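Structure record follows, encoded as structure tokens.
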Number of protein chains: 2
Amino acid sequence: MRSRENLIPVYYRLAEDVKKQIESGELKDGDLLPTEAQLGEKYAISRMTVRQGLALLAEAGLIDTVKGKGSFVTRPRLNQLVIDLKHSAANNGQLRPKLLAVNLIRNNPELANDLGFTGESNVITVKQLLFNESMPVAIEEKFLRYQKGKPLLETQLEYADFPELIAKHQESVPVRNDMVISVAALSAEQAKLLEADEALPALVIKQVIYSKDDIPLGVSVTLCHKDRFELKATSYPLSGRL
Amino acid sequence: MRSRENLIPVYYRLAEDVKKQIESGELKDGDLLPTEAQLGEKYAISRMTVRQGLALLAEAGLIDTVKGKGSFVTRPRLNQLVIDLKHSAANNGQLRPKLLAVNLIRNNPELANDLGFTGESNVITVKQLLFNESMPVAIEEKFLRYQKGKPLLETQLEYADFPELIAKHQESVPVRNDMVISVAALSAEQAKLLEADEALPALVIKQVIYSKDDIPLGVSVTLCHKDRFELKATSYPLSGRL
DNA sequence: GAGTGGTCTAGACCACAGA
DNA sequence: CTGTGGTCTAGACCACTCG
């Protein structure tokens, strides 16, 4: 039953109430919540509506529901952090891309093999330099399977983010993006592009995008200037969900 | 209605069907799904059950449901990558901790202020060295608000992960973990601890754990040897959910 | 206005946990 | 066995979108 004064759904109210009890310490890690029937009685709502509220809490990682036993309070998953690449770029100020080179590398099975592009020996490479207001921030190099009849449009090359570029240029649907974050020292050439000293430490972000059959569709390697770029992550990306 | 042959719920079958259609390209980005009523008719199930299936797809980021319009296919969120710290440590082989120092630093408002510990001038520091089978991998230094009557137990110090340590030693409930990933060169002292060359580039992982009022409860800074540790993230951590 | 998803009900039967 | 959550129904009314 929706109260007339407040337009927010009842199940949402219930979820917020429980959330507050958890965050205030009133409900501690491992505690058992009232049963769904009890909660339904307390809020004067049907059991399905209670379950809708509990689903929100489970999604946020605040409770763990076990069949036949009940719903237990769990510590929020602070060990799972989310990197939002779109937002991350914005945090570092909107980055302006400058296209350095686009190449179609034919008949280079070694390169294709290195990238995991089995059954394909033609590879497209896209090299870009990313700027903030005044300085070069990162060098991004992308590798894609060559796909007949799917031209790379100028606007896509410059402004599309990597997953979007893959989606536009590959037949297969991209379903997974794996990332490895590491560190390297800049080569002379890289240092020159970034207007930095040679051998300066740099953040290396490697992404591999896969299709549903675990076939790599594209690889991206980004070298970031250590003082001009920070990679951020948070355990609490649920925004207004709860 | 649950079919007798297969024990999986109907709403799950529906979600998997739609997922397959999206991954095969049969349903493309932006396409409109059949209405909930139509799907209910097709699968001979009630509308609430259809909605349960669509909720799974929405959670996985495969569809976007809009009131009054319908459910649209969206590209999976490949720009949102999840770092699983617990799993990440396992990927790099189980890390064995060695406690270097625990200190209670009294009356150092500058340090407390740097850490964001407003209204607190006593800070506990915990310094650890993390090993794989044979070599030192990382130096981790943790900073906690001093909390009266909450002693740091030996076992917690050594084996608890950072969010767990905070939860055990702070009155306030930790609700958010923000991370910044950057790069630094090793100092002479740090290089010696890691059995590495001075000025070697290293990965720096800084975590700040907050309470619900955005009060920092603890800070952790981890320096990782560039060749012995990799930080991984993936856009597809949903495991067996769909 | 007609059509859509959002919320909610008051039941039902099932599978699982535990005494 | 009782109590729990998991699934599912066949309705209902609402708020929103669009023609």
Side-chain angles (χ1 to χ4, degrees), chain A residues 1-18 22 27 30-74 238-242, chain B residues 1-18 22 27 30-74 238-242:
Chain A
M1 206 166 301
R2 183 96 106 293
S3 5
R4 285 149 197 81
E5 314 93 84
N6 43 9
L7 307 143
I8 56 173
V10 198
Y11 71 85
Y12 192 87
R13 279 268 311 150
L14 182 151
E16 277 199 323
D17 281 1
V18 175
I22 293 174
L27 283 169
D31 282 1
L32 192 56
L33 288 186
T35 68
E36 295 176 350
Q38 287 167 347
L39 285 171
E41 203 172 337
K42 177 176 169 188
Y43 287 85
I45 56 180
S46 86
R47 197 180 141 221
M48 282 304 283
T49 308
V50 173
R51 285 179 60 74
Q52 211 170 335
L54 296 182
L56 278 185
L57 293 164
E59 202 182 328
L62 292 173
I63 67 170
D64 197 4
T65 298
V66 184
K67 184 198 290 206
K69 299 178 84 171
S71 291
F72 298 88
V73 175
T74 61
L238 300 169
S239 325
R241 290 251 252 177
L242 197 58
Chain B
M1 207 166 300
R2 184 97 106 293
S3 3
R4 284 149 198 79
E5 313 93 84
N6 43 9
L7 305 144
I8 56 172
V10 197
Y11 70 85
Y12 192 88
R13 280 267 311 148
L14 183 151
E16 277 198 323
D17 281 1
V18 175
I22 293 174
L27 282 169
D31 281 2
L32 191 55
L33 255 54
T35 68
E36 295 177 349
Q38 286 167 348
L39 285 171
E41 202 173 336
K42 176 178 171 189
Y43 287 84
I45 57 182
S46 85
R47 197 181 141 220
M48 282 304 285
T49 307
V50 173
R51 284 179 61 74
Q52 211 169 336
L54 295 183
L56 278 185
L57 293 164
E59 203 182 327
L62 292 173
I63 65 170
D64 198 4
T65 298
V66 184
K67 184 197 292 206
K69 300 179 82 171
S71 290
F72 298 87
V73 175
T74 61
L238 300 169
S239 327
R241 292 251 251 177
L242 197 58

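Chain naming here is simple, since letters A, B, ... match the order of the sequence lines and numbering starts at 1 in each. Remember, it's a predicted structure, so these values are computed and weren't measured experimentally.
One can place CG of A:L39 at 11 Å from P of D:dT4, the figure rounded to the nearest angstrom. Atom CD1 in A:I8 sits roughly 17 Å away from atom P in C:dG6 (whole-Å rounding). Per the geometry, CD1 belonging to A:I45 stands 20 Å off P belonging to D:dC13, to the nearest Å. Put simply, CD on A:E41 is 11 Å from P on D:dT4, counting in whole angstrom units. Atom CG in B:L54 sits about 10 Å away from atom C1' in C:dG5, given to the nearest Å. The separation between B:L32 atom CG and C:dT4 atom P is 9 Å, rounded to whole Å. Rounded to an integer number of Å, the gap from CG of A:L57 to P of D:dG5 is 14 Å. Residue A:Y43 contributes atom OH, which lies 17 Å from atom C1' of C:dC8 at whole-angstrom precision.
Nearest nucleotide to the B:T35 side chain, out of C:dG5, D:dA10, D:dT7: C:dG5. Considering only the side chain of B:R51, C:dG6 comes nearest among D:dA10, C:dG6, C:dC8. Distance from the side chain of B:M48 is smallest for D:dG11 among the nucleotides C:dG6, C:dG11, D:dG11. Closest approach to the B:E36 side chain among D:dA10, C:dG6, D:dT7 is made by C:dG6 (side chain taken as heavy atoms from C-beta onward).
At least one side-chain heavy atom of B:V66 sits under 4.5 Å from a side-chain heavy atom of B:F72. Taking 4.5 Å as the limit, some side-chain heavy atom of A:L56 sits within range of a side-chain heavy atom of A:Y12.
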Determine whether B:V18 and B:L62 satisfy the following criterion, side chain to side chain contact (heavy atoms under 4.5 Å, CB included), listing intermediate values before the conclusion. CA-CA 9 Å; B:V18 175; B:L62 292 173; over 6 Å; no
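Between the B:T49 side chain and the B:G40 main chain, no donor and acceptor come within less than 3.5 Å of each other.
Listed here is the closest heavy atom pair of B:G53 and B:A15: O-CB, 3.8 Å. In terms of heavy-atom proximity, A:S71 sits nearest to A:L54 at OG-CD1, 4.1 Å.
Put simply, A:Q52 has a side-chain N or O that comes within less than 4.0 Å of OP1 or OP2 on C:dT7. The side chain of A:Y11 places no N or O atom within less than 4.0 Å of a non-bridging phosphate oxygen (OP1 or OP2) of C:dC8. Close to D:dT9, at under 4.0 Å from its OP1 or OP2, lies a side-chain N or O of B:T49.
Residues of residues 64-71 of chain B that place a heavy atom closer than 4.0 Å to DNA chain D, in numerical order, are B:K67, B:G68, B:K69.
A rotation axis mapping the C1' atoms of four pairs onto the next four is fitted at both ends of the helix from C:dG1-D:dC18 to C:dG18-D:dC1 over five pairs, and the angle between these axes is 10° to 10 degrees.
For the side chain to side chain contact (heavy atoms under 4.5 Å, CB included) with A:D31, the qualifying choice from A:T74, A:I63, A:V73 is A:V73, the only one to do so.
The distance from atom NZ of B:K42 to atom CG of B:L14, rounded to the nearest 0.5 Å, is 7.5 Å. The distance from atom CZ of B:R13 to atom CD1 of B:I45, rounded to the nearest 0.5 Å, is 10.5 Å. Atom CG of A:L33 sits about 10.5 Å away from atom CG of A:D64, to the nearest 0.5 Å.
With DNA chain C read from its 5' end, the first of the two nearest nucleotides for A:S46 and B:L33 is the one closest to B:L33.
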